[in-house]
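Here's the structure we're looking at; comments come further down.
These numbers were taken from a predicted model, which means no experiment stands behind them. Numbered from 1 within each chain, the chains take letters A, B, ... in sequence-line order.
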Protein chains: 2
Amino acid sequence: MSRRVTSQDVADLAGVSRTTVSFVLNDVHRFSIRPETAEKVRLAAQQLAYYPNASAKALASNQTKNIGLIISRAPQYIASDPFLPQILSGLLDALKENSQGLLLEWVEPGQQLQSYLELTRAHHIDGIILMTPRLDDPGLRALEEADIPVVVMGYIPGSSLHSVDVDNITAAETAVNHLLELGHRSIACITNAALPYTSATQRLEGYKSALQKAGVEFIPELVREADFDIQSGYRQMKSLIESAQEFTAVFVASDNVALGAYSALGEAGLSIPEDVSVVGFDDIPLASFVTPTLTSVTVSGQEIAIESYNLLTRLMRGEMPEFRSVTLPTRLIPRESSREIGRRGKRGAEKKSAKFVSCFNDQ
Amino acid sequence: MSRRVTSQDVADLAGVSRTTVSFVLNDVHRFSIRPETAEKVRLAAQQLAYYPNASAKALASNQTKNIGLIISRAPQYIASDPFLPQILSGLLDALKENSQGLLLEWVEPGQQLQSYLELTRAHHIDGIILMTPRLDDPGLRALEEADIPVVVMGYIPGSSLHSVDVDNITAAETAVNHLLELGHRSIACITNAALPYTSATQRLEGYKSALQKAGVEFIPELVREADFDIQSGYRQMKSLIESAQEFTAVFVASDNVALGAYSALGEAGLSIPEDVSVVGFDDIPLASFVTPTLTSVTVSGQEIAIESYNLLTRLMRGEMPEFRSVTLPTRLIPRESSREIGRRGKRGAEKKSAKFVSCFNDQ
DNA sequence: AGCAACTATTAACGCGCGTTAGTAATGATT
DNA sequence: AATCATTACTAACGCGCGTTAATAGTTGCT
């Protein structure tokens, strides 16, 4: 309950003015200060365990030392996201060095405009990183016009906002090409999210493009839209299986969703990769630990986070007025879940391989 | 670049004083205000798209409207945590209703004291939720003495801090009892984290206790310490397999770690549950989608988050001076990964079941 | 001695808001 | 007519800090 320690207290103890304290503790070299004085001040500050009040500092300096990470997705979709921790990990690490804070926000679709306005105007934060943007986000214009640094994780065509992203289209093409090279011709696709999310659209784009370049017909019935979480992957794969469509491989644009697909395939008595090859996307840590290990496209959440943060930092320092969009590299990691189309490649419920089925039927 | 809109602007436009604006927008009923006046003010505020400056508000009112979630773990361990998103999801949801913000912080072991002091003194936040506390955290005393509301997710024996946790000991006992009831007598244990983390110690405690009550000898060589992530689960399980110790079941105190164990078992040619039964902890969403589905103990991250937030809210309102510690229920969810000790229960590298091996050797 | 050119320090203002003490106007009561 | 309550509002202070303009003290040079 002891009164709060202010810079005045430090000044009194050190026998100097509050201004001097401020200069010393903020390393203001414009006004020179005798080393002994500085030392006295530092000692007094330490002795009193003085920590400058964040709000006062923010008000006076017009800098909050916080950046905001905005997730435009409802909490229930956040709960099972294996990718978010990577982003957070990268961001927190980078922020620590500059002793900045991370303010987490989610905005519900429909409330974007107002939320963004409040965020930028209320000035809780110095800069914004926008995650999982939607093409149809009505608040993006407001962000473009707001005079606060913004970096988008992901690509918004036609937007003037700075962005960091992987080349989703090319990456998806590479993934599908991998399947094509293995001899697959009937390749299904399950998106990572609903199509208003740009990454989903782009990855689907890459899928189509790869097929086209290989001269393979695009069959809309082989495409399903998932919704971030495992359940949706399970559902959509089940839907694919139940449809009469034939396919020997599937490109699932999210590892998380792919794991749901694994489950549905197993339940239907289909073996991976004997009956169906699977390629995922994101290369989450788990990908190399599931059975069979999952072929995937590396996307380092940490890297995206760090790159976004670096870009944001430069914007906050007032550098770089010109437009810039960073594209990070991806790499296909072939693992066990994809293999050459085999002799037993024709699928059919009656030809179930015994290998994985047992686990589902025994108990 | 347009100047910031202040409450003075709103006052001018509405033709009243700044004070009146403040009263209207903050719903201060102590001073009555004519409805028409209030309406004028509200209209003006909306017209100017006025959002009160957060820092100024915080400084004047001594309330930041932010709470801090503190993770005492290094970022690399955050990256693959499947439990964190659940916590965040729950917290974000609850916070939204009170239009509060969430400030994320990690403190590195060794820096706790200073970090906590800064957090509490700098007053960036109104309240603290402390995740994954360590028994040996030297900063806890500082938190106890600081006059800021604190809720700990987890249990710290002997601490006066309010806390929310599941009954780790009982839950672990239940998990191990489940294995005992299935006839297992040689049960290994892999902890979820290093023992300074309280949950790890407690779950190990529950494991020992269950064995003791069943009259089964505790064999230290059957215990391994993992470290949050999948890799550590893989390593520790490998270590167990390579040791000469016999076991027919394993209690892994974290689903995430258990998935690593899955991988190591598969690689060694051991089938789950034919050769080794596995019980996890946390019931992450993935648990019901892996092959075989993982028997686990439900711990709802969302619930823990919401309960912690509720407790914190009451503390921040100044209620409840008395000590309180909330314990949330857990439930064992039997799935495919655990079954009665079988005919083929004796393990040995030469008796590998072909089922899972194929995936590792074929490509 | 006299003036300039530093160096070291501080008084004082403003950031935008919440809030207390006080004023002015109106109606009710003696 | 004078007093008192009530209503509707405002002037003015303070939150704790950063920062500018100004002030005292010191040295160097002619």
Taking 4.0 Å as the cut-off, does a side-chain nitrogen or oxygen of [X] come that near to OP1 or OP2 on [N]?
{"X": "T20(B)", "N": "dT10(D)", "answer": "yes"}
{"X": "T6(A)", "N": "dC15(D)", "answer": "no"}
{"X": "S22(B)", "N": "dC17(C)", "answer": "no"}

Looking at every heavy atom in both P149(B) and L315(B), which two are closest together, and how far apart are they? CB-CB, 3.7 Å
Base, sugar-phosphate, or nothing for [X], non-hydrogen atoms under 4.0 angstrom?
{"X": "S7(A)", "answer": "sugar-phosphate"}
{"X": "N26(B)", "answer": "sugar-phosphate"}
{"X": "V28(B)", "answer": "nothing"}
{"X": "S55(A)", "answer": "nothing"}

Round to the nearest Å and state the distance from [X] atom [atom1] to [N] atom [atom2].
{"X": "L25(A)", "N": "dG16(D)", "atom1": "CG", "atom2": "P", "result": "16 Å"}
{"X": "F31(B)", "N": "dT23(C)", "atom1": "CZ", "atom2": "P", "result": "14 Å"}
{"X": "N53(B)", "N": "dC15(C)", "atom1": "CG", "atom2": "P", "result": "12 Å"}
{"X": "R18(A)", "N": "dT19(D)", "atom1": "CZ", "atom2": "P", "result": "12 Å"}
{"X": "Y50(A)", "N": "dG16(D)", "atom1": "OH", "atom2": "C1'", "result": "7 Å"}
{"X": "D9(B)", "N": "dC15(C)", "atom1": "CG", "atom2": "C1'", "result": "14 Å"}
{"X": "L59(A)", "N": "dC15(D)", "atom1": "CG", "atom2": "C1'", "result": "9 Å"}
{"X": "E39(B)", "N": "dA8(D)", "atom1": "CD", "atom2": "P", "result": "16 Å"}

Using a 4.5 Å cut-off on heavy atoms from C-beta on, say whether the side chain of [Y] contacts that of [X].
{"X": "I87(A)", "Y": "F83(A)", "result": "yes"}
{"X": "P133(B)", "Y": "I156(B)", "result": "yes"}
{"X": "R73(B)", "Y": "V107(B)", "result": "no"}

Classify the ring geometry of F31(B) against F23(B): parallel below 30°, tilted from 30° to 60°, perpendicular beyond 60°. parallel
Can R121(B) be said to sit on top of Y50(A)'s aromatic six-ring, NZ or CZ under 6.0 Å from centre and within 45° of the ring axis?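 Cation-pi check for R121(B) and Y50(A): fails.
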Looking at [options], which one has an atom nearest to any side-chain atom of [X]?
{"X": "A60(B)", "options": "dC17(D), dT10(C), dC17(C)", "value": "dC17(C)"}
{"X": "S17(B)", "options": "dT10(D), dC15(C), dC17(C)", "value": "dT10(D)"}
{"X": "R4(B)", "options": "dC15(C), dC17(C), dC15(D)", "value": "dC15(C)"}
{"X": "V16(B)", "options": "dC9(D), dC17(C), dT10(D)", "value": "dT10(D)"}

Tell me which of G15(B) and A56(B) sits closer to the 5' end of DNA chain D, going by the nucleotide each one is nearest to.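 The answer here is G15(B).
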Using heavy atoms to find the nearest nucleotide of DNA chain D for F23(A) and V5(A) separately, return the residue whose nucleotide is more 5′.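 Mapping each residue to its closest nucleotide by heavy atoms, the 5'-most match is V5(A).
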Has the side chain of T19(B) got a donor or acceptor atom sitting under 3.5 Å from an opposite partner on the base of dT19(C)? yes
